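Below is one structure; the comments refer to it alone.
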Amino acid sequence: MSDKKAIIKSENFCFYYGSKIGVKNISMEIYPKSVTAIIGPSGCGKSTFLRSINRINDLIANIKTKGVLLVKGHNVYDKNTNLVNLRQQVGMVFQKPNPFPKSIFDNVAYGPRLQGVKKRSYLQQIVEEKLKAAALWGEVKDELNKSALALSGGQQQRLCIARALATNPDILLMDEPCSALDPIATGKIEDLIDKLQTDYTIVIVTHNMQQAARVSERTAFFCLGELIEYDSTVKIFRNPAKKQTEDYVTGRFG
Amino acid sequence: MRFFIRHITDKIFTILTVLSVIMLVAILAVILVPMLRKGLSAIVFNGTIEFRKMQLDLFSRGDIDELKNEDIRSRLYRNKIYETIESFKQNIDSETLSDKAGVIYRNFGKELQRKNIKGAEYQKLRSLSRELRDKLQAVFKSSDKKFIQENISDVLKFKNDIAFKDTSIDGLFVLAEDFASDIEHIDLSRRQQYAASLKELENIITKLLGPNPSLPVPALKMDRYGATRRDIAEKLLNRLLWLEQWQQDSPGKPMKRVITPRAELFAGTEIEPLFNYIRENLDEILVFKPAFYWQYFIDDSTPGHYFGGVWPEILGTVFLTLAAMIFVFPIGIISAAYLAQCQSDNLIIKIIRMAINTLAGVPSIVFGLFGLAFFVLYLMPLFGGPSKPCILTAALTLAVLTLPVMIRASEEAIRSVPQSYVEASLGLGAGKLTTFISVILPAAMPGILTGIILSVSRVAGETAPILFTGAIAFGPTPKSIFDPTRTLSYGSYDIAIGDKLAALVPHNQYGMVATLIMLVFCLNIAAIIMRAKISRKLKGH
Amino acid sequence: MKNNNAQINKEPKTSSRSLALTALEDFNGFAIYHSGRFVLFAVSFNTVLIVLLIFYFVIQQGLPFFKNFDTIEFFTSKQWYPEADNPKFGALSIIFGSLYVTISALLLAVPAAILAAVFLSEIVSHKIRNYVKPVIELLAAIPSVAYGFFAVLVLAPFLQTHFGLSTGTNALNASLILSIMALPTIISVAEDSITAIGRDLREASYGLGATRFETIFKVVIPAAHSGIIAAIVLGMMRAIGETMVVWMASGNANQIPSPWWDLTQSVRTMTATIAGDMGETSKGSPHYQSLFAIGIVLLAMTFLLNIISEYFLASAGKNSRKK
């Protein structure tokens, strides 16, 4: 694995909410075209770290960072970061499905339109392609003009994935994408993640350890804002190096 | 025992709270029902032929041929009234009678000349006829019955005189005979009273039936038509049938209202049966027909809102409201966006919020003072405009007044847009402005629209701020925004208090205020329904 | 806003684009961000500007009056003869009239409003509440001139014929209508503050065996007192600043009723004096300035009430947040 060049690389990355620490001294490398899971108890900073990668945490007032967080070799917390390009290359899927209150078509076309695509036929092509990639096309192809809010939770989440894919990102961040879904919808999303990793780098935060074990190649374990252990998923779940990790994955942790 | 008292207090308290809410509903009903019911009668009522004549003349509306037929039929009944009054008037009016006798005497003279009767014969007939004339004139002036009867019989002695046969002097004998038969039941000493009562009676009849067609058309439009609707006709009929007097039994005591039949004033005369005649034939005289006067909303009115509708007022209100909204909408939305997007309350935000609260608390009349001092007297001259109240200044004043409503409603709407939408949009690489325009604003739009509707309803109903800044009670339709305008709100004030004429047409008074209330209510109900839909939608997911 | 979306590319291949801003992009972003913020701020600050303008212009027009005439007489004399050869500007009975109808209106409105607020927040189900709320909203929506119309043409004749009064337009009429107009304001603010009191407090009281009446009066209302006071102050603001109703319904007689509790006499208020007299004055005359002087008094009163209500609303907000 280490022969691959890392696409995301953090070195002693720290993140503060005002004076409160979000994460501290995170150093890890995430490799392209693979699934990396981040697990840990709630409040451990795993979401904070994920949301730092595309700087969606900027919405919160009074934040501070230290250290370096490189995406494709560029420090995202550099002053001269082009946030548009960053966020288009680092797509994100959120905890709760959050489609816009627009039609299914407009939801997927939102990103391409931002990039200046106006031609209807071309947009249609993108929408179809991305909905197919998100395994939703078959279910919605006849009702693209229906409100996205009319879809079921699982469908909404897949729509959000299609929407994120529509900007052609290299990296897809997923923040507990299945926490609001039932087991069948979760299964579909997991299948989708499996399929997507051939084309995308996926970083998924989850508190469901089975899920991490099922979908990911490498797993990072966070606790109290620190990275405890980061290794191949098999190793983390079968033979963790640290006692803390073992306690957590075997369920002995609080 | 103690428990019992506690229990009872609790029950009484609960009942009291229920009563308070029932009272609220009752108040709403007590206020609205009479105003809306009477307001409705401006549109739906039982119209008379006079109403249809007015509509045809002033607004060129209605079926001319049908109206003509109706008019001919009603004239049949009306003529009897006019004839009776005319003949009674002659009998009690000694001057007219004397004049008539004089005319007959002069005609007789001319007749003699035409017949070429000259010399002594002429002198004799001439002096005899003069004698007859003088006797009759004395009779007409007198109120002594005995003297009258003697003199009349003296005059009538000459009736069969050959010399007067088939001459105009015959007229004198007809006059004398008529008068003799009339004084049988006229109390001559009450001639003056009759004249006064008759004048009043004629007045009421003119109001009921319109002016006598034999007289010239009155200058004022309001005098040209009689009672236009059943309620007014019945009110006038009541005044016609009953005489209301305020009497004092003895000095120092309060006045008492005494009602007597007006017919008693004319007891025994030919007028007396007229009262019953009018009452029984009112339907034929006025030709009642149900009217649905929806044009009330699109008609101009005659002075004092005597006839016509409220179109200029509606137009003025809509113009003012639209103009105010053009000013307040962009400022309101932008301010709301600014306030909603700032996460922390720094000093500037605190100052702006305090300003909004202060603005919301300023009394509406002070907005009027401000509008007068700033917009009318300062700003208009500053830009070279005329320093007079007009639509522009009124709209600006109203915009200032409604700004807090707009900002608060919009801010709340923007804040209620889920943060996840913002995150999703930013996560796709959209800028803040793009996010605001393409995601936040559409999602907040129903809420903002609710705010706009509430502002509009507030602006449409406000009166005090536009008293000195652009509202007038009566005047031409404005040609530009630099003219003052009539509005429903100021019109409602004026029609209730300022305008004495309007008190004669209560249906138009209530019609105006009911139009205003309905306008404001429709807007408010739209806002309430919209908000219910939004909250249902928010609950839905 | 720290970016621009101007890069139009047929092929939305984003992965090749640099994550660093070019110098031009950086400058554009900076300029757009700051100019945008400035525009937002400038527009929003208009509200502050307007408030300052209101104070400035009303005071500027009214201040000469206090310079040229006796301020003490203005507040203590009952003689108001503004158009006489030797004009007298004693506004005591006018100021008294405003307070008189406002306070009588509140005495009528507050008990009913608090009972209704308790009913809506404590007693009734959510469903019935949804039916009662529009009633209150409609009461608030009726334009003041329509209330005035009702007062003059419906209530005044009723009072005159059924209670044998010499005139139907009097302090009683104005107070009745003002109390109806103040009701929606008081009810909605009081209801909000009562609802904001946490369930735990109520449950504690019920748990100790208190009845509903005792819970509401001994626990809920004391806990919500800040909000209720704010509600009353806001209702008072609404009543004291109301123009059309008092102008039309109060009778406009420049007098202090004697005996003072006789509500059936006519009075005149500050707002009605401004509304009624302004048409007869010429700009800059003492009479004109005196009306602006009344405006200053009115503005000062409502500003003070506003600050009081904000203080109580803020402390109500703090109380409910603590829970």
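Protein chains get the first letters and strands the later ones, always in sequence-line order, with residue 1 at the start of each. Predicted model only: the values in this text are computed from it and were never measured. Quick note: numbers below take in every heavy atom, side chains included, and nothing from hydrogens, waters or symmetry partners.
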Review point. Does any heavy atom of chain C fall under 4.5 Å from the side chain of B:Leu377, the backbone, both, or neither of them?
Key: side chain
Point to revise | Residue pair B:Leu369 / C:Ile274: nearest heavy atoms and the distance that separates them | key: CD2-CG2, 3.6 Å
Check your understanding: Is the closest side-chain heavy-atom distance between B:Val366 and C:Val58 below 4.5 Å?
Key -> yes
Check your understanding: Centres of the C:Phe149 and B:Tyr493 rings: under 6.0 Å?
Key -> no
**Study point:** Proximity breakdown for C:Leu53 and chain B, heavy-atom pairs closer than 4.5 Å
**Key:** both
Exercise for review: Give, as side chain, backbone, both or neither, the part of B:Leu372 having an atom under 4.5 angstrom from any heavy atom of chain C.
Suggested key: side chain
Review point. Looking at CD of B:Gln341 and CG of C:Leu40, how far apart are the two atoms once the value is rounded to the nearest 0.5 Å?
Key: 8.5 Å
Exercise for review: Name the region of B:Leu467, side chain, backbone, both or neither, that has any atom closer than 4.5 Å to a heavy atom of chain C.
Suggested key: side chain
Practice item. Could you have a look at C:Asn46, C:Ile50, C:Ile296, C:Val124 and say which one has the most heavy-atom pairs with chain B under 4.5 angstrom? Key: C:Ile50
Check your understanding: What part of C:Ile136 gets closer than 4.5 Å to chain B, counting heavy atoms only: side chain, backbone, both or neither?
Key -> side chain
**Study point:** Heavy-atom pairs under 4.5 Å with chain C, option from B:Thr358, B:Val18, B:Ile495, B:Val25 with the top count
**Key:** B:Thr358
Exercise for review: Count the heavy atoms of every other residue, nucleotide or ligand shown that sit under 6.0 Å from OH of B:Tyr378, and state whether that count exceeds 12.
Suggested key: no
Point to revise | Heavy-atom side-chain proximity of C:Glu137 to B:Asn524 below 4.5 angstrom | key: no
Check your understanding: How about B:Phe374 and C:Tyr56: are their ring centroids closer than 6.0 Å?
Key -> no
Review point. Quick one: what part of C:Ile142 sits under 4.5 Å from any heavy atom of chain B, side chain, backbone, both or neither?
Key: both
Exercise for review: To the nearest 0.5 angstrom, please state how far the OG atom of B:Ser492 sits from the CG atom of C:Leu153.
Suggested key: 10.5 Å
Study note, to complete from the structure: The interface call for C:Val48 against chain B, heavy-atom contacts under 4.5 Å, is both
Exercise for review: Below 4.5 Å from any heavy atom of chain B, which atoms of C:Met248 appear? Answer side chain, backbone, both or neither.
Suggested key: both
Exercise for review: Give, for atom OG of B:Ser364 and atom CE of C:Met244, the distance between the pair rounded to the nearest 0.5 Å.
Suggested key: 8.5 Å
**Study point:** Taking every non-hydrogen atom, the tightest pair across C:Ala146 and B:Met35
**Key:** O-CE, 3.5 Å
Practice item. Counting only heavy atoms closer than 4.5 Å, note whether C:Phe150 contacts chain B via side chain, backbone, both or neither. Key: both
Practice item. Dump the intermediate steps for side chain to side chain contact (heavy atoms under 4.5 Å, CB included) on C:Ile54 and B:Phe367, then the final yes or no. Key: CA-CA 8 Å; C:Ile54 289 177; B:Phe367 280 109; 3.7 Å; yes
Exercise for review: State whether the side chain of B:Ser20 and the backbone N or O of C:Ala116 hold a donor-acceptor pair below 3.5 Å, judged by distance alone.
Suggested key: yes
Check your understanding: Are there residues of residues 454-466 of chain B that reach to under 4.5 Å of chain C by heavy atoms, and which ones?
Key -> B:Gly461, B:Thr463, B:Ala464
Review point. CZ of C:Phe45 to CD1 of B:Ile331: how many Å apart, nearest 0.5 Å?
Key: 14.0 Å
Review point. Taking atom OH of C:Tyr311 as the centre, does the number of heavy atoms from other residues, nucleotides or ligands within less than 6.0 Å exceed 12?
Key: no
Check your understanding: Judged by modelled atom types alone, do C:Glu310 and B:Asn357 share a side-chain donor-acceptor pair under 3.5 Å?
Key -> yes
Review point. Where on C:Ile216 is there a heavy atom nearer than 4.5 Å to chain B: the side chain, the backbone, both, or neither?
Key: side chain
Exercise for review: Taking the side chain as every heavy atom from C-beta outward, state whether B:Phe13 and C:Thr211 have any atom pair closer than 4.5 Å.
Suggested key: no
**Study point:** Per-residue contact mode, B:Leu32 against chain C (heavy atom under 4.5 angstrom)
**Key:** side chain
Revision key, fill the gap. C:Ala275 and B:Ile365 have their tightest heavy-atom pair at CB-CD1, 3.8 Å
Practice item. Taking heavy atoms only and a threshold strictly under 4.5 Å, list by residue number the residues of residues 5-12 of chain B that touch chain C; give 'none' if the list is empty. Key: B:Arg6, B:Thr9, B:Asp10
Review point. Do you know which of B:Val362, B:Ile517, B:Ile27, B:Leu488 has the most heavy-atom pairs under 4.5 Å to chain C?
Key: B:Ile27
Practice item. Could you tell me whether C:Lys218 atom NZ has more than 12 heavy atoms of other residues or ligands within 6.0 Å of it? Key: no
Exercise for review: Sort C:Leu139 into side chain, backbone, both or neither according to what part of it lies under 4.5 angstrom from a heavy atom of chain B.
Suggested key: both
Practice item. Find out whether C:Val43 and B:Tyr338 are in side-chain contact, i.e. whether some heavy atom of one side chain is under 4.5 Å from a heavy atom of the other. Key: no
Check your understanding: For C:Lys133, is it the side chain, the backbone, both, or neither that has a heavy atom closer than 4.5 Å to a heavy atom of chain B?
Key -> neither
Point to revise | Validation row: B:Leu16, C:Phe213 side chains within 4.5 angstrom (heavy atoms) | key: no
**Study point:** Structural part of C:Leu155 lying under 4.5 Å from a heavy atom of chain B
**Key:** neither
**Study point:** side chain to side chain contact (heavy atoms under 4.5 Å, CB included) between C:Thr47 and B:Ile407, worked out
**Key:** CA-CA 10 Å; C:Thr47 315; B:Ile407 295 180; 3.7 Å; yes
Practice item. Evaluate the side-chain proximity of B:Pro363 to C:Thr243: yes if any heavy-atom separation is below 4.5 Å, no if none is. Key: no
Point to revise | Proximal component of C:Tyr288, with respect to chain B [non-hydrogen, under 4.5 Å] | key: side chain
